[in-house]
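The figures that follow rest on heavy atoms only: side chains count, while hydrogens, waters and symmetry mates do not.
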Amino acid sequence: MWCPGCGVGVMLGALLRSFEELGYERKDTVVVTGIGCTGKSDDYLLTHALHTTHGRALAYATGIKAFNPKLHVVVLMGDGDSVTIGGNHFIHAARRNMDLTAIIINNFNFGMTGGQFSGTTPGGAFTQTSVYGNPERAFDISALAEVAGANYVARATPYHVWEMKTNIQEALSKKGFSVVEVYSPCPTHFGKNNRMKETREMLYWLKEKGLSVEAYNRLPDFEREGFFAVGKLVDRNEPDFNTRYEEIRGKAMAPKG
């Protein structure tokens with residue numbers, strides 16, 4: 001159901017290949033979605049799925065994982081769903097280090113509702129509600145995930161599709177909160193207003209501006225504007241929520257005296 005050039009279908013293909021290659025069973029996997037273009041992904045899945053309210057996908061996913069830690073829980077969201085409407089839940093899922101994988105399509109606007117600017121629309125960008133340029137600064141989703149406590153953070157694009165699959169597999173295999181942010185400018189609303197009217201123009205932009213982490217880090221700070229790092233950004237092994245919870249539960253249930 002997605003527009004030509006939309007990265008949601010590319011992400012979904014990479015996710016399904018990752019499920020198959022990691023041996024995920026349908027009965028042990030739950031995909032949670034919110035509202036928006038990305039939220040339609042569960043229509044194409046045969047796993048357990050839960051289609052939730054706008055901005056609340058991570059809250060529902062947290063409850064699922066806390067209740068049954070054996071399940072593989074994956075949350076698919078757009079940028080509006082994850083950090084604009086749902087920013088509070090995003091911060092606390094990372095802070096708790098819930099053993100979830102969040103895959104976020106960052107399309108730089110509210111795509112399904114007509115192309116209004118969101119919390120991830122770049123400053124100065126043109127949208128239906130910022131026809132003279134967006135006056136606000138944008139969230140850096142990956143940086144937010146890192147400082148809030150996620151164990152794994154990566155950034156990918158529809159151009160870097162095979163790298164995306166690797167990032168998703170690493171995220172699924174990581175214990176704790178893992179995030180894969182997919183830069184994919186909305187071709188229908190954002191692209192037409194920001195010199196990406198054709199899909200190939202978007203892909204050329206992603207190819208030119210998306211640098212490997214090593215190449216990006218070699219750039220001096222004053223040359224980084226307009227570019228972004230692609231690949232694994234964070235990889236650590238802090239205990240996840242369920243591990244810490246079981247430790248506390250053990251203490252509470254230990255014989256007294």
Side chain to side chain contact (heavy atoms under 4.5 Å, CB included) between I168 and K165: does it pass, once the steps are laid out? CA-CA 5 Å; I168 290 175; K165 188 185 76 167; 5.7 Å; no
Passes side chain to side chain contact (heavy atoms under 4.5 Å, CB included), V32 versus L100? Steps please. CA-CA 10 Å; V32 183; L100 308 169; over 6 Å; no
What do the steps show when you test K65 against D240 for salt bridge (charged side-chain N to carboxylate O under 4.0 Å, His left out), and what is the final call? CA-CA 11 Å; K65 189 66 180 186; D240 71 297; over 6 Å; no
Take D28 and Y24 through the test side chain to side chain contact (heavy atoms under 4.5 Å, CB included) and record every step on the way to the result. CA-CA 7 Å; D28 298 326; Y24 276 27; over 6 Å; no
Given side chain to side chain contact (heavy atoms under 4.5 Å, CB included), test H48 with R26 step by step and report yes or no. CA-CA 7 Å; H48 295 298; R26 296 173 183 174; over 6 Å; no
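The two residues S173 and L22 make their nearest non-hydrogen contact at OG-CD2, 3.9 Å. The two residues N97 and G149 have their closest heavy-atom pair at OD1-O, 3.8 Å. Counting all heavy atoms, side chain and backbone alike, A125 lies closest to S130 at O-OG, 3.2 Å. When all heavy atoms of G111 and C186 are compared, the pair lying nearest together is CA-SG, 4.4 Å. Between P122 and N134, the shortest heavy-atom contact is O-ND2, 3.4 Å. Annotation for C37 and M1: closest pair O-SD, 4.4 Å, computed over non-hydrogen atoms.
Dense packing is recorded around CZ of F241, with more than 12 heavy atoms of other residues, nucleotides or ligands lying under 6.0 Å away. Annotation for F227: atom CZ counts as buried by contact number, over 12 foreign heavy atoms lying within 6.0 Å. Counting heavy-atom neighbours within 6.0 Å of K192 NZ, excluding the residue itself, gives a total above 12.
Of the candidates N106, L58, T52, T33, L58 is the only one forming a side chain to side chain contact (heavy atoms under 4.5 Å, CB included) with M77.
Every salt bridge (Lys or Arg N to Asp or Glu O under 4.0 Å) that R224 has, sequence neighbours left out, goes to D221. Not counting sequence neighbours, the partners of K175 by the salt bridge (Lys or Arg N to Asp or Glu O under 4.0 Å) test are D99. With sequence neighbours excluded, no residue satisfies salt bridge (Lys or Arg N to Asp or Glu O under 4.0 Å) with E198.
Aromatic rings from Y183 and W205 are positioned such that their centres are separated by 6.0 Å or more.
Taken to the nearest 0.5 Å, the CD atom of Q116 stands 7.5 Å off from the CZ atom of F110. Atom CG in L76 sits 10.0 Å away from atom CD1 in I104 (nearest 0.5 Å). With rounding to the nearest 0.5 Å, the separation of CG in D79 from OG1 in T38 is 8.0 Å. For the atom pair M202 CE and T199 OG1, the distance stands at 5.5 Å (nearest 0.5 Å). Of the inter-residue distances, the one linking F117 atom CZ with T127 atom OG1 reads 6.5 Å to the nearest 0.5 angstrom. To the nearest 0.5 Å, atom OG of residue S184 and atom CE of residue M11 are 9.5 Å apart.
The same ILVMFWY cluster, assembled from side-chain heavy atoms under 4.5 Å apart, contains both M164 and I105. Hydrophobic clustering keeps L46 apart from L16 (ILVMFWY residues linked when any side-chain heavy atoms are closer than 4.5 Å, directly or through intermediates). There is a path of hydrophobic side-chain contacts, each under 4.5 Å, that joins V180 to L12. V75 is not connected to L172 by any chain of hydrophobic side-chain contacts under 4.5 Å among Ile, Leu, Val, Met, Phe, Trp and Tyr, and they are in different clusters. Both L50 and M98 belong to a single network of hydrophobic side chains, linked directly or stepwise wherever heavy atoms of I, L, V, M, F, W or Y lie under 4.5 Å apart.
Between W2 and Y44, the two ring planes are tilted [angle within 30° to 60°].
Under the 6.0 Å distance and 45° angle rule, K174 does not count as a cation-pi partner of Y152.
The closest side-chain heavy-atom distance from V230 to F228 is below 4.5 Å. Side-chain atoms of L144 and D140, non-hydrogen and from C-beta on, never get closer than 4.5 Å to each other. Contact check for E163 versus T157: no side-chain heavy atoms found under the 4.5 Å cut-off.
When only modelled atom types and interatomic distance are considered, E246 and T243 share no side-chain donor-acceptor pair under 3.5 Å. Remark: the N109 side chain and the H189 side chain contain no N/O donor-acceptor pair separated by less than 3.5 Å.
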